[in-house]
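Here the structure is a predicted model, which is why all the values come from computation and not from measurement. Positions are given from 1, in the same order as the sequence printed here.
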Amino acid sequence: MISVIIPTYKSPEALDLCLRSAIEGQQNKNQIIVVVDGFYDLNKEVLEKWAEHIDVLNMEENVGLCRGTNLGVYNAQHDKILIVNDDNVFPRFWDTTLEEEWEDGAVISPNQIEPYPSIFKQFYIENLGTDLKTFDLEQFWQFDYHYASGDKKEESGSTLPIFMNKYDYIRLGGWDENYELGMVADWDFFLKCSISGLKMIRTWNCHFYHFASVSTNGEKRQQAEQNGHEYAKYKWGSYIYHHQDTNQKFIL
C-alpha cells in the first residue's frame, strides 16, 4: 500500500481532477493525504466531494509548500510514499504499476506528459488539454496505455512526482522549508538524495499528466525561483546545476 501526499493551495479545479484520477485510477485503497495549505474554504467543496476516499491535513494558514509536504509525509501510514503536485493527473492503475517498479534505496520518478516544451528531455510533449474543466481523463488514460513501456527504465529521475521510502525522505530532512514558494527545493532534495547514494530512477511504465504550475505562475514565481537559487548558493557554497541529459543535480 502507498501513502500519497498531495499539497494544495488555491487550485480547487486542479485538485478535483487530481483526486478523481487518483481515486478512480487506483486498484487498491491507498492512503491519500491532501495537505490544504491555507484557503480551506476555497477547497471545501472538492474536499467534501471526495471525503470518504481521502485524509485531509488542514494547515489552517499558509505555511508554504515545503512545510506542508513535510507534515504530509509525517502523517503517512505506509512506508512507501508518493508525492504529487495538485496539477498532476494520475494514470490508470498507477498504484500497482508503481509497486512493480519499487526498489529499495531508490527514488522513482514516473515519466510525465506535458502540453508544452520542457527542459526535461525524457518527458513526452503532447497537448492532451490545458483546460481543467474539459480535460478528457479517459483520453489521457488511453494515451498513457499506448506509450507505457514496462521495460524502459534509466537513472534519469530527479523530477516530481516521486515514489520512495518514507524513512529515506525523513532521514534526508525532506523539503528544506527555507525555499520561498518551494522553488528550487526539489533540486535541493534531489541533490541530497544523490549525495546520500540513493538511485534516481525514471520509469516509462506509466506517465502522469502535468498542467505545469497552475498555482504559482507569473512574476511572483520568477522572483521566488531567483531567490531560491540564491539561497541554494548560500547553503551549498554553489548554485545547484541541472544536467540536461541525466537530470542529475550537482554543485561545483
Side-chain angles (χ1 to χ4, degrees), residues 1-8 14-37 46-47 49-58 65-66 68-113 137 140-141 144-145 148-150 152-153 157-175 182 186 189-190 193 196 198-210:
M1 301 291 282
I2 300 171
S3 288
V4 182
I5 295 89
I6 305 173
T8 195
L15 178 63
D16 185 37
L17 178 58
C18 181
L19 290 177
R20 179 192 166 196
S21 63
I23 293 162
E24 295 182 3
Q26 67 183 351
Q27 291 192 285
N28 300 314
K29 187 171 177 56
N30 301 280
Q31 181 189 26
I32 300 175
I33 303 172
V34 180
V35 184
V36 185
D37 189 18
V46 174
L47 297 171
K49 175 181 178 180
W50 302 108
E52 66 177 285
H53 302 284
I54 63 176
D55 295 334
V56 177
L57 185 59
N58 182 10
L65 174 67
C66 294
T69 302
N70 289 341
L71 291 172
V73 172
Y74 301 157
N75 280 272
Q77 297 173 355
H78 305 297
D79 292 338
K80 297 173 182 177
I81 60 169
L82 175 65
I83 299 174
V84 182
N85 289 324
D86 65 0
D87 57 358
N88 272 127
V89 183
F90 287 69
R92 185 165 44 189
F93 310 142
W94 59 268
D95 52 345
T96 52
T97 302
L98 288 177
E99 290 270 18
E100 292 173 358
E101 300 297 311
W102 178 259
E103 289 187 36
D104 290 326
V107 180
I108 299 171
S109 296
N111 204 34
Q112 290 201 90
I113 300 167
L137 181 59
F140 161 59
W141 280 350
D144 170 59
Y145 177 79
S149 175
K152 188 174 182 181
K153 186 186 298 185
S158 300
T159 58
L160 287 160
I162 53 173
F163 181 48
M164 65 182 299
N165 186 281
K166 175 182 176 179
Y167 171 79
D168 286 335
Y169 181 93
I170 294 174
R171 175 171 62 87
L172 294 174
W175 291 157
D186 53 346
F189 182 74
F190 296 142
C193 289
S196 73
L198 295 176
K199 294 171 64 177
M200 309 303 292
I201 301 295
R202 175 174 307 280
T203 176
W204 278 259
N205 205 5
C206 65
H207 304 82
F208 281 66
Y209 194 76
H210 185 220

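Residues C193 and M200 come closest through the heavy atom pair CB-SD, 3.6 Å. The two residues D87 and A14 come nearest to each other via the heavy atoms CA-CB, 4.3 Å. Taking both residues in full, the closest heavy atoms of N205 and A148 are given as O-CB, 3.3 Å, listed atom of the first, atom of the second, then distance. S21 and L137 make their closest contact through CB-CD1, 3.9 Å (heavy atoms, listed as atom of the first residue, atom of the second, distance). The two residues R171 and S196 make their nearest non-hydrogen contact at NH1-CB, 4.1 Å. Nearest heavy atoms, E99 versus F163: N-CE2, 4.3 Å.
Separating the CG atom in L98 from the NZ atom in K80 is a distance of 10.0 Å, to the nearest 0.5 Å. Rounded to the nearest 0.5 angstrom, N30 CG and I54 CD1 are separated by 14.0 Å. In this structure, the separation between CG on N28 and CG on D95 is 5.0 Å, given to the nearest 0.5 Å. I170 CD1 to N165 CG: the interatomic distance, rounded to the nearest 0.5 Å, is 9.0 Å. With rounding to the nearest 0.5 angstrom, the CD1 atom of I5 is 5.5 Å from the CD1 atom of I83. Atom OG1 of residue T69 and atom OH of residue Y169 lie 5.5 Å apart, to the nearest 0.5 angstrom.
The backbone N or O of H207 sits less than 3.5 Å from a side-chain atom of D144, completing a donor-acceptor pair. A side-chain donor-acceptor contact under 3.5 Å links S3 to the backbone of Q77. A donor-acceptor pair under 3.5 Å links the side-chain atoms of S109 to the main chain of T159, judged by distance alone. The backbone N or O of D16 sits nowhere less than 3.5 Å from a side-chain atom of K49 that would complete a donor-acceptor pair. Using modelled atom types, one side-chain atom of N70 and one backbone atom of W175 make a donor-acceptor pair closer than 3.5 Å. No donor-acceptor pair closer than 3.5 Å links the side chain of Q26 to the backbone N or O of W94. For Y209 (side chain) and W141 (main-chain N/O), no donor-acceptor pair under 3.5 Å exists by modelled atom type. Side chain of Q112 to backbone of P161: no donor-acceptor contact under 3.5 angstrom is found.
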| query | Going through the distances and angles, do V46 and T8 end up as a side-chain contact (heavy atoms from CB on, under 4.5 Å)? | reply | CA-CA 11 Å; V46 174; T8 195; over 6 Å; no
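For the pair F190/I162, a side-chain contact is recorded, criterion being any heavy-atom separation below 4.5 Å from C-beta on. By the 4.5 Å heavy-atom criterion applied to side chains, I32 and I23 are counted as neighbours. Counting heavy atoms from C-beta outward, N75 and D55 have side chains that stay 4.5 Å or more apart. Two residues are said to be in side-chain contact when any heavy atoms from C-beta on lie closer than 4.5 Å; R20 and W50 meet this criterion.
With T203 as the partner, the side-chain contact (heavy atoms from CB on, under 4.5 Å) test is satisfied by one option alone out of K152, E101, E100: E101.
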